[in-house]
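Read through the structure below, which is laid out as structure tokens, and then see the notes.
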2 protein chains.
Amino acid sequence: MHSLTEENYLKAIYKLLEKGEKKISTTAIAALVETAPASVTDMLKKLAEKKLIRYEKYQGVTLSGSGKKVAVDIIRKHRLWEFFLVEKLGFSWDQVHDIAEQLEHIKSEALITRLDHFLGNPKADPHGDPIPDEHGVFHALNTIPLSAVTVNVPVIITGVIDHRPVFLRFLEKEGYALGKKILVKEKLEIDQSVTLLLSGSKKLKHISHDVARNILVLPEKTK
Amino acid sequence: MHSLTEENYLKAIYKLLEKGEKKISTTAIAALVETAPASVTDMLKKLAEKKLIRYEKYQGVTLSGSGKKVAVDIIRKHRLWEFFLVEKLGFSWDQVHDIAEQLEHIKSEALITRLDHFLGNPKADPHGDPIPDEHGVFHALNTIPLSAVTVNVPVIITGVIDHRPVFLRFLEKEGYALGKKILVKEKLEIDQSVTLLLSGSKKLKHISHDVARNILVLPEKTK
DNA sequence: ATAATTATTTAGATTTGCCTAAATAATATA
DNA sequence: TATATTATTTAGGCAAATCTAAATAATTAT
Ligand SMILES: [Mn+2]
Ligand SMILES: [Mn+2]
Ligand SMILES: [Mn+2]
Ligand SMILES: [Mn+2]
């Protein structure tokens, strides 16, 4: 069995690998797990010992097969719990991450199997992030940022890139939510800002490029 | 904030106080938390330092007001989670204790408030143990063991004393469950064994005194 | 190609919770 | 009451995860 701390390190490494690079630095991990780089080095030695990562000093780190499995399993649990918190307990999407950070470490295969079934085997969490199945397979949608959408082609909101509560609360206040329809009316050349119609409202909305690129969408009715 | 370990010690002390004695011994705690007595002594000093218990060496230990509050809160969480696991996820009553031992340490007031509401503010867990409210108040029923029931007075099963999975599985297999009606037909002088009718079955059942005293009941329709 | 800067690792400590063995106090027995 | 037994505490250490400061390697800039 792995400690809660080990799980968090593996998850951090996984998230860093997910965003591009093949080799992950000590400092990047330190920032994510909020510890001193020296502490990260200690843990990397331990994880390498256990064959959960591949690590050679000064050369960065990458996940082994078993390490990746642990990381994906934690992510699965995190997202299932987030879904539960929003759909069953009525939390809003900006409140669930910290609680899920705790719940993701509960150890019981049966619990997750049953929770998954109870929730109707959801495919995405409240932020649109895909929930891997019990084999660790992701069924990710082929989303694009709202900033890249063609004018006058209707799209559906399917997720966010920025997960900060302050951003999520802003979106909620403005009426944006997963499943909502958006029709982009204009993209301003000068600053890449977007003018759009949000389903349910007749008033044009205007958002910056920076907001638009943090909203993920899909063209309406993809089969 | 208190560590998971501190919480478990306080819960153990609470449970020992619950069963009678006013002063709790180091060895009794050691048995419950499954550590060496020397380790318990260490922890008792720490808990006393934090004013969570009253402790003088060789004199046993008792809970302070704040220590009791922590313990009751953990018990509330444990029992709410057990209720959730049985009622929502479909676990049987012999499977939930170990998972609840983990879930009871999740720290979020909002989570428990919402979980309690989602579950319909249950008053008892799957084993009939009362769930304290948010103020730590128990609304316990005035139950008696089945072994003490008067012949031919119908009673309802409201709980168990023995919580061991093996006992719970035996009861389940035999058809006993919370809410079921029992009519005691005979109590044998010689060994205090009980002959009874269980609602839903026409066949007389015969159980030992030892089983009977571990089943808690209430006279039918108490107002 | 050197020098300066930045990243990473090592060294040495600390905290929490636990252990075994030994010392001491409390209790039971003779 | 004196002695044997049992309970409890103290002493000394260990493992996990962390820290700061110092040493070393890698990278970037001159
Ligand atoms: Mn999250
Ligand atoms: Mn999420
Ligand atoms: Mn339980
Ligand atoms: Mn219970």
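Per chain, numbering begins at 1; letters A, B, ... match sequence-line order. When reading the values below, keep in mind they use all heavy atoms of this one structure, side chains included, and skip hydrogens, waters and symmetry mates.
The pair B:Glu104-B:Lys11 counts as a salt bridge, with a side-chain nitrogen and a carboxylate oxygen less than 4.0 angstrom apart. With respect to A:Glu7 and A:Lys107, a salt bridge is recorded, a charged nitrogen being found less than 4.0 Å from a carboxylate O. Ion pairing between a basic and an acidic side chain is recognised when a charged N comes within 4.0 Å of a carboxylate O; B:Asp116 and B:Arg76 show such pairing.
Atom CG in A:Leu47 sits about 16 Å away from atom C1' in C:dT9, given to the nearest Å. For the pair B:Lys50 NZ and C:dT16 P, the interatomic distance rounds to 8 Å; values are reported in whole Å. If you measure from atom CE of B:Met43 to atom P of D:dT8, you get 18 Å, rounded to the nearest angstrom. Atom CG of B:Asp42 and atom C1' of D:dT8 are 12 Å apart (whole Å). Across the protein-nucleic acid pair, B:Lys23 atom NZ and C:dA26 atom C1' stand 14 Å apart, rounded to whole Å. For the pair A:Glu49 CD and D:dA15 P, the interatomic distance rounds to 14 Å; values are reported in whole Å. Computed from coordinates, the B:Leu44 CG to D:dT9 C1' distance equals 11 Å when rounded to whole Å. The OH atom of A:Tyr55 sits 7 Å away from the C1' atom of C:dT8 (whole-angstrom rounding).
Across all strands shown, B:Thr41 has heavy atoms under 4.0 Å from base atoms, whether or not it also approaches the sugar-phosphate. Residue B:Ser39 is classed as a base contact, given a heavy-atom separation below 4.0 Å to a base.
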Nucleotide by nucleotide, nucleotides 21-29 of chain D touches protein heavy atoms under 4.0 Å in the pattern (B base, S sugar-phosphate only, - none) B--BSS---
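Within 6.0 Å of atom CG in A:Asn142, 12 or fewer heavy atoms from other residues, nucleotides or ligands are found, so the atom counts as exposed in its surroundings.
For the OP1/OP2 pair of D:dT9 and a distance below 4.0 Å, the side-chain nitrogens and oxygens of B:Lys45 include no atom meeting the criterion. Taking only side-chain nitrogens and oxygens, B:Thr27 never comes nearer than 4.0 Å to OP1 or OP2 of D:dT6.
Candidate nucleotides D:dT18, C:dT9, C:dC19 were compared by shortest atom distance to the side chain of A:Tyr9, and D:dT18 ranks first.
Atoms CG and CZ, from A:Leu115 and A:Phe83 in turn, are 10.0 Å apart once rounded to the nearest 0.5 Å.
Comparing A:Pro37 and B:Thr26 by the nucleotide of DNA chain D whose heavy atom lies nearest to each, the residue mapping closer to the 5' end is B:Thr26.
Judged by distance alone, the side chain of A:Asn214 and the main-chain N or O of A:Asp162 form a donor-acceptor pair under 3.5 Å.
A centroid separation of 6.0 Å or more is found between the aromatic rings of A:His127 and A:His97.
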